Protein chains: 2
Amino acid sequence: MVEYYEIAEFLKNFSDASRVKIVLALIDEELSVNDIALKVGMTQTAVSYQLRILRDSRIVKHRRAAQTIYYTIDDEHINKILTTTSEHLEERKSL
Amino acid sequence: MVEYYEIAEFLKNFSDASRVKIVLALIDEELSVNDIALKVGMTQTAVSYQLRILRDSRIVKHRRAAQTIYYTIDDEHINKILTTTSEHLEERKSL
DNA sequence: TTATTATATGTGTATATACGCATATTCTAA
DNA sequence: TTAGAATATGCGTATATACACATATAATAA
């Protein structure tokens, strides 16, 4: 059984605009920390800070190539959750 | 188009254990504020505080009957988002 | 009207958190 | 080995937030 606090703990990852922006930037694309920073318009430090949180929650995974570390989404479900949410919000807009 | 910050703003509602608990308590059941407080083991004030947030985000709706105010989930999508998340977490547990 | 019930809200506070800055760490190239 | 590049992290801080307590508001009953 999944408990209520586990759901909260997990969805907390998407409660911050910066983190959602980073996750969306990684959909269907593998990016380095600097690439992400450039793409979302944040500093390297801020991106690193948020990536650690997303990594700890297993939302993103990474691989190293020399000094560069590349990040990707860890699971297709992540995509589904954001898509479902997006559709819900889209539908609500017409009300 | 749904923007990244709208997704974050919406999912922020489920980033707190108390709110998730309250929303889960309301699935398939209409409850008064006091009923909710009893069911989830929180004070009336704390429940009221969280209900306002959920109301403002249109996640729950309410109707008045004399002094009592009854709350329900505003949309079936809410259920779906929590279910999808729950399934995702359930699957991950076996890894 | 007054008392009572159900809920909401203002204020204060302890805690969480996002991010900047400086620095550490890891790896590569010269 | 030393310099440089890419990323991570410790520390400080401004801001957000969850909740307690007391009180206000709304509706009903006596």
Side-chain angles (χ1 to χ4, degrees), chain A residues 3-26 29-74, chain B residues 3-26 29-74:
Chain A
E3 301 292 337
Y4 68 92
Y5 52 84
E6 295 176 288
I7 295 176
E9 196 178 12
F10 178 75
L11 290 180
K12 197 170 200 169
N13 285 290
F14 307 107
S15 69
D16 176 76
S18 296
R19 279 193 296 271
V20 171
K21 213 172 176 181
I22 290 171
V23 172
L24 291 178
L26 287 173
E29 195 170 18
E30 188 186 52
L31 295 174
S32 72
V33 176
N34 262 325
D35 288 342
I36 296 172
L38 283 173
K39 191 170 179 185
V40 305
M42 292 171 61
T43 64
Q44 178 266 317
T45 310
V47 170
S48 254
Y49 171 80
Q50 301 298 355
L51 281 175
R52 172 157 57 154
I53 292 170
L54 295 170
R55 225 190 306 128
D56 289 350
S57 300
R58 291 202 281 159
I59 286 169
V60 299
K61 59 185 171 189
H62 62 288
R63 74 179 173 87
R64 172 155 232 153
Q67 301 105 317
T68 308
I69 297 180
Y70 291 98
Y71 281 86
T72 44
I73 306 285
D74 195 0
Chain B
E3 301 291 338
Y4 68 94
Y5 52 84
E6 296 176 287
I7 295 176
E9 195 179 14
F10 178 75
L11 290 181
K12 198 170 199 169
N13 285 290
F14 306 108
S15 68
D16 176 76
S18 296
R19 279 193 296 271
V20 172
K21 212 171 177 182
I22 290 171
V23 171
L24 292 178
L26 287 173
E29 195 170 19
E30 189 186 53
L31 295 173
S32 71
V33 176
N34 263 325
D35 287 342
I36 297 171
L38 283 173
K39 193 171 177 183
V40 304
M42 293 171 61
T43 65
Q44 178 267 317
T45 309
V47 170
S48 255
Y49 172 81
Q50 301 297 358
L51 281 175
R52 173 157 56 154
I53 292 170
L54 295 170
R55 225 190 307 128
D56 288 349
S57 299
R58 289 200 282 158
I59 286 169
V60 299
K61 60 185 170 188
H62 62 287
R63 74 179 172 87
R64 171 155 233 153
Q67 301 106 315
T68 307
I69 297 180
Y70 291 99
Y71 281 86
T72 45
I73 305 285
D74 196 0

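Atom set for the values below is all heavy atoms of this structure, side chains included, hydrogens, waters and symmetry mates excluded. Bear in mind that the values here come from a model prediction, so they are computed numbers and not experimental data.
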Could you say whether A:Ala66 or B:Ser32 is positioned toward the 5' end of DNA chain C, judged by the nucleotide with the nearest heavy atom to each?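 That would be B:Ser32.
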Taking for each residue the nucleotide of DNA chain C with the nearest heavy atom, is it A:Ala65 or A:Lys12 whose nucleotide lies nearer the 5' end?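 Final value for this comparison: A:Lys12.
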Considering non-hydrogen atoms only, spot the tightest contact between A:Ala65 and A:Tyr70 and give its length.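 Residues A:Ala65 and A:Tyr70, closest heavy atoms: CB-CE1, 3.8 Å.
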Got a donor-acceptor contact below 3.5 angstrom from the [X] side chain to the [Y] backbone?
{"X": "B:Arg64", "Y": "B:Ala66", "value": "yes"}
{"X": "B:Asn13", "Y": "B:Phe10", "value": "yes"}
{"X": "B:Arg19", "Y": "B:Lys12", "value": "yes"}

side-chain contact (heavy atoms from CB on, under 4.5 Å) between B:Tyr49 and B:Thr45, worked out: CA-CA 6 Å; B:Tyr49 172 81; B:Thr45 309; 5.6 Å; no
Between which nucleotides of DNA chain D, 5' to 3', does chain A make heavy-atom contacts below 4.0 Å?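 Terminal contacting nucleotides, 5' to 3': D:dG4 to D:dT9.
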Would you say CD of A:Glu9 has more than 12 non-hydrogen atoms from neighbouring residues, nucleotides or ligands within 6.0 angstrom?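 No.
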Atom [atom1] of [X] to atom [atom2] of [N]: distance rounded to whole Å?
{"X": "B:Ile22", "N": "C:dA8", "atom1": "CD1", "atom2": "P", "value": "11 Å"}
{"X": "B:Met42", "N": "C:dT7", "atom1": "CE", "atom2": "P", "value": "14 Å"}
{"X": "A:Gln67", "N": "C:dA30", "atom1": "CD", "atom2": "C1'", "value": "13 Å"}

Determine the contact category for B:Thr45: base if any of its heavy atoms lies under 4.0 Å from a base atom, sugar-phosphate if only primed atoms, P, OP1 or OP2 are that close, otherwise nothing.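 Base contact - B:Thr45 has a heavy atom under 4.0 Å of at least one base atom.
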Report which part of the nucleic acid A:Tyr71 touches: base, sugar-phosphate, or nothing (heavy-atom distance under 4.0 Å, all strands).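 Sugar-phosphate only.
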Heavy atom of residues 46-55 of chain A under 4.0 Å from DNA chain C: which residues?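 Those residues are A:Ala46, A:Tyr49, A:Gln50, A:Ile53.
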As an exercise, state the distance from CG of A:Leu26 to OG1 of A:Thr72, rounded to the nearest 0.5 Å.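 Interatomic distance, A:Leu26 CG to A:Thr72 OG1, rounded to 0.5 Å: 7.5 Å.
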Interatomic spacing from CD1 in A:Ile7 to CG in B:Leu24 - rounded to 0.5 Å: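 Rounded to the nearest 0.5 Å, the CD1-CG separation comes out at 5.5 Å.
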Applying the side-chain contact (heavy atoms from CB on, under 4.5 Å) criterion to B:Tyr71, which one of B:Ile22, B:Val23, B:Leu51 satisfies it?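 When B:Ile22, B:Val23, B:Leu51 are each tested with B:Tyr71, the side-chain contact (heavy atoms from CB on, under 4.5 Å) holds only for B:Leu51.
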Just to confirm, is there a sub-4.0 Å distance from OP1 or OP2 of C:dA18 to any side-chain nitrogen or oxygen of A:Arg19?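 Indeed, a polar side-chain atom of A:Arg19 lies that close.
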OP1 or OP2 of C:dC19 less than 4.0 angstrom from a side-chain nitrogen or oxygen of A:Thr43, does that happen here?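 Indeed not, no polar side-chain atom of A:Thr43 lies that close.
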Presence of donor-acceptor pair under 3.5 Å, side chain of B:Gln44 and base of C:dA8: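 When only heavy-atom distances are counted, B:Gln44 does reach the base of C:dA8 through a donor-acceptor pair under 3.5 Å.
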